[in-house]
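This is a predicted model, so every value here is computed, not measured. These numbers come from the heavy atoms of this one structure, side chains and all, not from hydrogens, waters or symmetry mates. Within every chain, numbering begins at 1; the chains are lettered A, B, ... in the order of the sequence lines, protein sequences first and strands thereafter.
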Amino acid sequence: MRRLWIGLTYAVFGLLIVIPLARIAVGAWAEGWGGLSAAILRPHALHALGMTGLIVLIVTVLNTLFGVMLAIYLARASWLGDRLRRLVNSLVDLPFAVSPVIGGLMIVLLLGPQSVLGAFFGSLGIEIVYALPAMVLATLFITFPLMVREVLPVLQELGTQQEEAASTLGAYSWYTFWQVTWPSIRWGVIYGVVLTVARSMGEFGAVLIVSGNIMNKTQTATTLVYQDVENFNLLAANAVALVLAAVSIALLLLMEWAKTRRGH
Amino acid sequence: MHIEVTGLNKHYGDFHAVRDISFGIAKGRLIGLLGPSGGGKTSILRMLAGLETPSSGEIVFHGRKVVGLPPQERGIGFVFQNYALFKHMTVYDNIAFGLKVMKQSKALIRERVLSLVALTGLAGFEHRYPHQLSGGQRQRVAFARALAPEPQLLLLDEPFAAIDAKIRQELRSWLKETIARLGITSIFVTHDQDEAIEVADEIMIINKGRLEQKGTPWDIYKHPQTPFVASFVGESTIVEQVARLKGFESADARIGTRALIRPEYIEIGKPGEFRLASATEPAVVKQLHFRGSAWMVEAQVGELTLITYRSLEKETLHPGEEVRVLVHRAYLFNEGESWIMENGLKEDPMPVHI
């Protein structure tokens, strides 16, 4: 009985993860190294990968900054009042509950060219929807809970006493944050960054809606894969997917390595 | 540092944690805030530190009003109940923290830290992390860390609560000595009366947010001003109908009077052991408990059970034995007032003057 369950677990694991991954690798290699590199080196493919990289970079920086800040406010700012903090705390999880497509749609409705805000920015010559800003916003919306949910429990577990001790020793908040709080939440922030990078690299639905998937302009790696599949260019789709998968796996290995480091 | 507190109040929502407390503390004194858990002691300490803002009232350190000043500007040291050591820093870095904040020179920091390490008996442990230390050692690191910036006032929140009984004893006398040597005004919170009596120069009894009494341990023991203080400090038995005891017949004069009798107010012995047999009362030994240095005797006097101690040097009593009991005094109280009553029969009715 036990063997059956173990076998079943491996079967599910293989079916869901290993086989599709192997299929992508094989598909990308269908015409050897030449086909793979040709697919990736298409100018619009390079542009799409660059776009994904840029979004990942911006989103990770913003999400780290604001995620850590919000976690600190939720854990520490008693002047916000319990009720407000609980409300914000539950709102943080909203992106988990809402489909990314709907998240993207909300941004289009709010900031699209037909909306008041969109028209206002448009008159200033700033494009938001169907351009980079909305793509960053959409990805930020999707990834926002990740950092808060990593850091907040660590802060709560840590308690306020060490920070209070620092204040009685004459240290003000900035010094206390870097000397006392940061060393304790550092690993939580690192996990948060890894998760944010992985998630923003793979985001599809929200980005597809707000970007319009315009080649050489707003196309990202994931939407390019989608377009290649639509065009029956399976080799190219597999090649780009393989690049994304390779980066994700490297990232997860990095996280595992970080975990073992943490033990020391 | 001289401390003056007037009309201090603290509300947490509907809960009135500290009620109109006023007191003054002279420079260099070691004060114990004693009272049951949840009585507001820690709130008072945290308000003195600036970690909590009073709802109303004034706190003055050495002539300077400090309400509204953050903890950083109060010149205090605070030792937390669970020490709150910086867990990713070594003992050395923990102690040096306050000095680094003050941007002292490296050499000066080193000198000060090493002298504190020596003072607290932590030599050889400078490079350990808090999790590699015992409870007593952590407590001393917390103490050294609080002392490093040379505070004018040291506040300690239940400093011995998390330490084994045996080591607690050592640490208490060590702390008392060290504080006396440094001459720094100190206030510590405790719910353990032995600790307060042993360590403090002066005790403030706090109950339900009120200051019940302030005085030396001896004063408080000898002249408790409220029934709470009388029952909280020292051992005692509450007797409802004290008039039934010999020598206290007149105690009934005021309605609702109850008595608090300490074991040391009572003498117990065989009939021949008393000089003034007329003041004694017959009793039966109900139970005997060995308490290490004495026998604790439960004696049945009529319907009352009194508790007292009997020296091991005297002849041992046995349960069921008929003995005599002499109650020297009782602490009487009713709704409004409290007073001490001596046994009326203790005065020799026919003194013989030679």
Side-chain angles (χ1 to χ4, degrees), chain A residues 68 71-87 89 150-193 258-264, chain B residues 12-13 42 45-53 66 69-90 93-104 109 129-130 138 141-158 162:
Chain A
V68 170
I72 288 175
Y73 282 129
L74 285 177
R76 298 283 188 264
S78 50
W79 46 266
L80 275 178
D82 261 0
R83 210 168 291 169
L84 182 63
R85 278 194 292 173
R86 240 174 304 165
L87 180 74
N89 195 4
E150 279 297 325
V151 177
L152 186 59
V154 183
L155 277 171
Q156 279 165 341
E157 167 85 24
L158 186 65
T160 54
Q161 279 214 337
Q162 288 186 48
E163 288 159 22
E164 286 179 348
S167 76
T168 64
L169 291 166
Y172 285 91
S173 44
W174 192 245
Y175 190 87
T176 304
F177 176 76
W178 287 112
Q179 296 296 318
V180 177
T181 315
W182 173 252
S184 300
I185 62 169
R186 187 169 48 190
W187 290 105
V189 174
I190 290 174
Y191 292 161
V193 165
K259 270 186 195 164
T260 57
R261 276 286 307 255
R262 187 188 192 176
H264 295 296
Chain B
Y12 296 102
T42 298
L45 204 69
R46 289 174 63 87
M47 284 190 277
L48 289 173
L51 295 170
E52 214 79 68
T53 315
V66 296
L69 280 186
Q72 288 91 338
E73 287 168 35
R74 293 197 182 194
I76 49 137
F78 201 105
V79 176
F80 289 83
Q81 186 170 356
N82 301 313
Y83 320 132
L85 296 178
F86 305 129
K87 58 182 183 183
H88 56 275
M89 290 185 203
T90 60
D93 288 331
N94 263 285
I95 300 175
F97 188 89
L99 301 166
K100 282 183 186 159
V101 171
M102 291 161 77
K103 299 209 165 63
Q104 303 270 22
I109 291 176
Y129 284 90
R138 279 180 219 173
V141 176
F143 186 68
R145 182 180 68 176
L147 284 178
E150 302 188 31
Q152 298 292 299
L153 170 66
L154 185 64
L155 303 166
L156 307 107
D157 188 6
E158 300 263 5

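- Residues satisfying the side chain to side chain donor-acceptor pair (under 3.5 Å) test with A:Gln179, not counting sequence neighbours, are none.
- Using the six-membered ring where Trp is involved, B:Phe86 and B:Phe97 have ring planes that are tilted, between 30° and 60° apart.
- At most 12 heavy atoms of other shown residues, nucleotides or ligands fall within 6.0 angstrom of atom OH in A:Tyr73.
- The candidate with the highest count of non-hydrogen atom pairs below 4.5 Å against chain A, out of B:Met102, B:Arg145, B:Met89, is B:Arg145.
- The existence of a salt bridge linking B:Asp157 and B:Arg46 is excluded, since no basic side-chain nitrogen approaches an acidic carboxylate oxygen closer than 4.0 Å.
- There is no contact between B:Asp93 and chain A, counting heavy-atom distances below 4.5 Å.
- Proximity to chain A (any heavy atom under 4.5 Å) is shown, for B:Ala142, by neither the backbone nor the side chain.
- Only the backbone of B:Leu85 comes within less than 4.5 Å of a heavy atom in chain A; its side chain stays farther off.
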